[in-house]
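The structure appears right after this line, and notes come after that.
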Amino acid sequence: MKALLIGGGGREHAIGLSIVKSGTELFAISPTRNPGLMRIARKVTVGNENDKNWVLENAQRIEPDYVFIGPESPLAHGVSDVLIRNGFNVFAPSSAAARLETSKSFCRDFMKEKGIDGNIESTPFSDSSKAERFIDQIDYDFVIKPDGLTGGKGVVVQGVHFNTKEEGIEIIKEYLKSGKEKALVEKKVVGEEFSLQAFASGRSIHFLPIVQDYKRAYENDKGPNTGGMGSICYSERGLPFIEDKTVIGAKKILKQLVERFSEKVTDYVGPIYGGFISTSEGPKLLEINARLGDPEAMNVLSLMENSMMDVAVSMIHDRDPGLEFKDRINVLRYLVPRGYGSNPTPSKISLDEENILLRGLRIYFASVSGNGKELKQTSSRSLAFLSEGTDLSQVASRFDNLQSLLRGEYSMRNDIGTKAMIGKKRDAMRNIRAGRA
Ligand code: GLY
């Protein structure tokens, strides 16, 4: 069989690797000549993944049995819609289903209307004077979120990115100044975040192991929010600082959401991602993404025994995909351009791939082009390294002195998946549960 994969980041490299595991012939449409996809795909067509008519023309030429869409932007631009209308098997949501991600206020309203647990107090604004009056009278710390897509970088949190109400008001005024945007003021909730991903098809949902993404640009969770600097996963054992009952609660919320949405709005088909936070009152849903996470997809697909092609075929035919996962821990760290998260300055990098592989690290290529050795960065994340094993110290130790195998200007967080960081998160959650935070 043939598959067409749309997108060209680290997540799509991981999806491609999972698809070809089943012996499927892979074709890709990517914004860059991603060296990872170039190695595994029969052909990579470079172009604008959001141009639905151009994507359709390519799909009609390739004639894939199944289509996979990695990022959210093609969904918002109607790429899945036009492919579904033209009879392709698409393992990704329609733009109507992707509204759960493309409009945060739509998702909050839907949860409220259907009585779905885990919702957070949230008020949308398109008028900045109304937002100012509202913020003036609330008595809780708050978060400001643009309503639409932001690539995970648009959320600002009181006490982290700004301190006073006045500063918050200035930020929301800036967001709303074009007069076209909407932004939400949400009650701030405190806890450890985790990503719960799943594959859905109508009312059926199959969960992947939870992952934690490190969103902040600098070590010790400082600096601006990014698309994600790295991530950790303990397979089906769950994360050591998130209680089992919290994961059970989060699964219940996501299942209820997909079921009610498929009943009342439209069938949800494809990957779904719940960004959750574990609070003293149980799990709360921060956001839905209508796709797998990046970097989270690399953690879970590396552990998943099944090919994503087999999963799509089963689920589109209403069968149980029988998901199975290796019992391993994995830690991923992204290499990004200097200044990523605020003012990225892309450059060229090179890597000693052979010795990186000899250390037991796997490489995922993201927003770079080149032959694998000499890579040209864009302003997005460049490449990711994944270490997998049974013992956390051994897994983390493979990153020691990794810089000796890399050349060029870049940034990387060295604290992701360390024992010290996991210990901090355990302590933080203990304090939250005891009401001390
Ligand atoms: N890592 C967060 C996201 O994919 O949205």
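In listed order, ligands and their atoms are each counted from 1. Remember, predicted model here, so these are calculated numbers, not experimental data. Every heavy atom of this structure was used, including side-chain atoms; hydrogens, water molecules and symmetry mates were not.
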Nitrogen or oxygen of G293 less than 3.5 angstrom from that of ligand 1: no
Worked check of salt bridge (charged side-chain N to carboxylate O under 4.0 Å, His left out) between K264 and E113: CA-CA 11 Å; K264 301 287 176 197; E113 202 184 299; over 6 Å; no
Heavy atom of R291, distance to ligand 1 below 4.0 Å: yes
Sub-3.5 Å N/O-N/O distance, K215 and ligand 1: no
S195 to ligand 1, any heavy atom closer than 4.0 Å: no
Distance filter under 4.0 Å to E296 heavy atoms, resulting ligand 1 atoms: 1 (N), 2 (C), 4 (O)
Basic-acidic side-chain contact under 4.0 Å: D294, R381: yes
F142-F162 aromatic ring centre distance below 6.0 Å: yes
Numbered atoms and elements of ligand 1 in range of P295, under 4.0 angstrom, heavy atoms: 1 (N)
K187 NZ/CZ over Y140 ring centroid, <6.0 Å and within 45° of normal: yes
Atoms of ligand 1 close to D213 [distance to a heavy atom under 4.0 angstrom, numbered from 1]: 1 (N), 2 (C)
Value rounded to 0.5 Å, distance of CG in N299 from CG in L292: 11.0 Å
Nitrogen or oxygen atoms of E287 and ligand 1 under 3.5 Å apart: no
Worked check of ring-ring contact (aromatic ring centres under 6.0 Å, His included) between F134 and F125: CA-CA 10 Å; F134 178 81; F125 292 97; 5.2 Å; yes
Part of N289 with heavy atoms under 4.0 Å of ligand 1, whether side chain, backbone, both or neither: side chain
G227 neighbourhood, listing ligand 1 atoms whose heavy-atom distance to it stays under 4.0 Å: 1 (N), 2 (C)
K425 NZ/CZ over Y214 ring centroid, <6.0 Å and within 45° of normal: yes
